[in-house]
Protein chains: 2
Amino acid sequence: MITTSAPGKVILFGEHAVVYGEPALVCAIDKRVYIHASKVPSGLKIISGKSKDFRYVKKAVELVFEHAGKKCGLDIKIDSELPPASGLGSSAAVSVATILAVSELLGAKLSKAEIAKLGHKAELEVQGAASPTDTAISTFGGVLFIQPKKKYQRINAALPLVVGYTGVERSTKILVQNVRSLKEKFPEIVNPIIRDIGKITRKAKRRLENNEDVGELMDINHGLLCALGVSTEKLNELVYAARKAGAKGAKLTGAGGGGCMIACVPKNAEKVARAIEACGCTALRAPISKEGARVEKHAI
Amino acid sequence: MITTSAPGKVILFGEHAVVYGEPALVCAIDKRVYIHASKVPSGLKIISGKSKDFRYVKKAVELVFEHAGKKCGLDIKIDSELPPASGLGSSAAVSVATILAVSELLGAKLSKAEIAKLGHKAELEVQGAASPTDTAISTFGGVLFIQPKKKYQRINAALPLVVGYTGVERSTKILVQNVRSLKEKFPEIVNPIIRDIGKITRKAKRRLENNEDVGELMDINHGLLCALGVSTEKLNELVYAARKAGAKGAKLTGAGGGGCMIACVPKNAEKVARAIEACGCTALRAPISKEGARVEKHAI
């Protein structure tokens, strides 16, 4: 019997612009998916409150069996602190934690790089398309500076965050398409916005490396995402509620159109969380998680 | 006894960016200040619900007396459809309508250019500083394309607007200072936003001249104003309520920090106005006014 976990993620800066070659800053957050797995004589039994998780677990198990060249019967139970389809990387965390659990049970020691690679493969095969970012961040933890066609760069940064979840599921695909349409209609206006988000992301990277405040940059980035048309009334409500309650900065995170926002809260984290809850939404006190996927407990 | 009127104004595009050399589009709206003036044997009696108006009326009367080289006793009554300190150019309309009324009563025919010039002088002397834009637009009506250090350009455009007034008075001076501080702190990020607002304004001018929709440009401009930090929760609430009720586009207008927003409503004007009122705010159904200052009634 083994228990593993892997963290969720938020995009700190650069969503949407990353589609057009700009960098993004992504970090693991201290909210996790836990996998409890036991060897059994045969079969695969999966217990989860969320139907979405099954396909990722099943695919992750298959990929580990294939990679290890051996298999076994498994009972797997999923406990998640992450709401699904919220942009917090729930499916990546499920995939990664499952891969870690099953490989440990089989005695097939995988490197972190191998776990991340199999995790990405699981997402790819289930979804048809997937960025390798979510599974990489869930595996390695910490903060990654991502530039298209370049290697990830790890940033050493701590940032106290509160995540506000609107409860509204959204389609990343549709939101990315909407931005593309706007960009095609008004290229001379939308391209500078995208490049400016890239500048904000690079500036935020330097400031995080120097342990400087990035709150105002979050606020500006949020406004530019509004200009791209991906914010919603509810996201704005949470962003303003967080700022009013003492957050240093706040922005939507991920695709927009629902999903989540983040607030930077060196102080007043509790007050900000309560302000988000007072809007009828879910608040996760979720600082950056330096640790990625890990074994929580392994009883033989 | 004479009755004159002069319209208020809204900034359609370009607020804040105009401070840094970018163009702005400003239009007169069909909400007016009415001045009822009568010659009396002596003195100056001013009746108005709003204490702010007195100084403008007094100064306007003085300037006309000086310009005409003659004077008379006056009873002046002000009726206004414009909330004061809302960014709708109430003080400019008061000044302009008073100048027109008093000059007519004295038989001193002033050209529109002379009225606009005296109106600007009245605002300057009362406030210490004033842009000539508000008094020009109130005098001439219609839509003006304004470029710093260049002549106004008149645009022939019709645009059905609903104005939403938050009821929150704000200080233009402080908001302009806040943008300047942000610009000085992050010039490489804020300067492109200001230039982009300029591009939107020029694009909107061309589209208005061709009778094309400018709703999406309003939405983008609003997002960029959010990025500059001048929007508020209430302004955003009104902007989203208007869009939801069928507006083609919506944005804050003027300095932000309170004041007003505008919604472009080729259809659904009533529905949009009611949505704004449902947020506890005042809605003005205020299409562009092609006419500027005018004599409403002149009984000898």
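Note that these values count all heavy atoms, side chains included, but never hydrogens, waters or copies made by symmetry. Labels below follow one simple rule: chain letters A, B, ... track the order of the sequence lines, proteins then strands, and each chain is numbered from 1. From a predicted model like this one, the values you see are computed outputs, not experimental measurements.
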Can you tell which of [options] has the highest number of heavy-atom pairs within less than 4.5 Å of chain A?
options                         : result
Leu224(B), Asp219(B), Ile197(B) : Leu224(B)
Leu217(B), Asn221(B), Leu228(B) : Leu217(B)
Leu225(B), Thr232(B), Val239(B) : Thr232(B)

Report, as yes or no, whether the 6.0 Å neighbourhood of atom NZ on Lys234(A) holds more than 12 heavy atoms from other residues, nucleotides or ligands. yes
Flag yes if more than 12 heavy atoms outside Asn210(B) fall under 6.0 Å of its CG atom; otherwise flag no. yes
Between Val190(B) and Asp196(A), is there a side-chain heavy-atom distance shorter than 4.5 Å? no
Close side-chain approach of Lys244(B) and Glu233(A), heavy atoms under 4.5 Å: yes
Side chain, backbone, both or neither: which part of Ser231(A) has an atom under 4.5 Å from a heavy atom of chain B? both
Per-residue tally against chain B (heavy atom, under 4.5 Å) across Lys203(A), His222(A), Arg243(A), Arg195(A) peaks at Lys203(A)
Closest heavy-atom contact between Tyr240(A) and Asn236(B)? CE1-ND2, 2.9 Å
Report, one line per pair, each donor and acceptor closer than 3.5 Å where one atom sits in a side chain of residues 9-29 of chain B; sequence neighbours left out.
unit_1   : atom_1 : unit_2    : atom_2 : d
Lys9(B)  : NZ     : Gly87(B)  : O      : 2.9
Lys9(B)  : NZ     : Asp134(B) : OD1    : 3.3
Lys9(B)  : NZ     : Asp134(B) : OD2    : 3.4
Glu15(B) : OE1    : Lys251(B) : NZ     : 2.9
Glu15(B) : OE1    : Gly254(B) : N      : 2.8
Glu15(B) : OE2    : Lys251(B) : NZ     : 2.8
His16(B) : NE2    : Ala255(B) : O      : 2.8
Glu22(B) : OE1    : Arg202(B) : NH2    : 3.3

d(Cys226(B) SG, Ile220(A) CD1) to nearest 0.5 Å is 12.5 Å
Neighbours of chain B found in residues 167-189 of chain A - heavy atoms under 4.5 Å: Leu182(A), Lys185(A), Phe186(A), Glu188(A), Ile189(A)
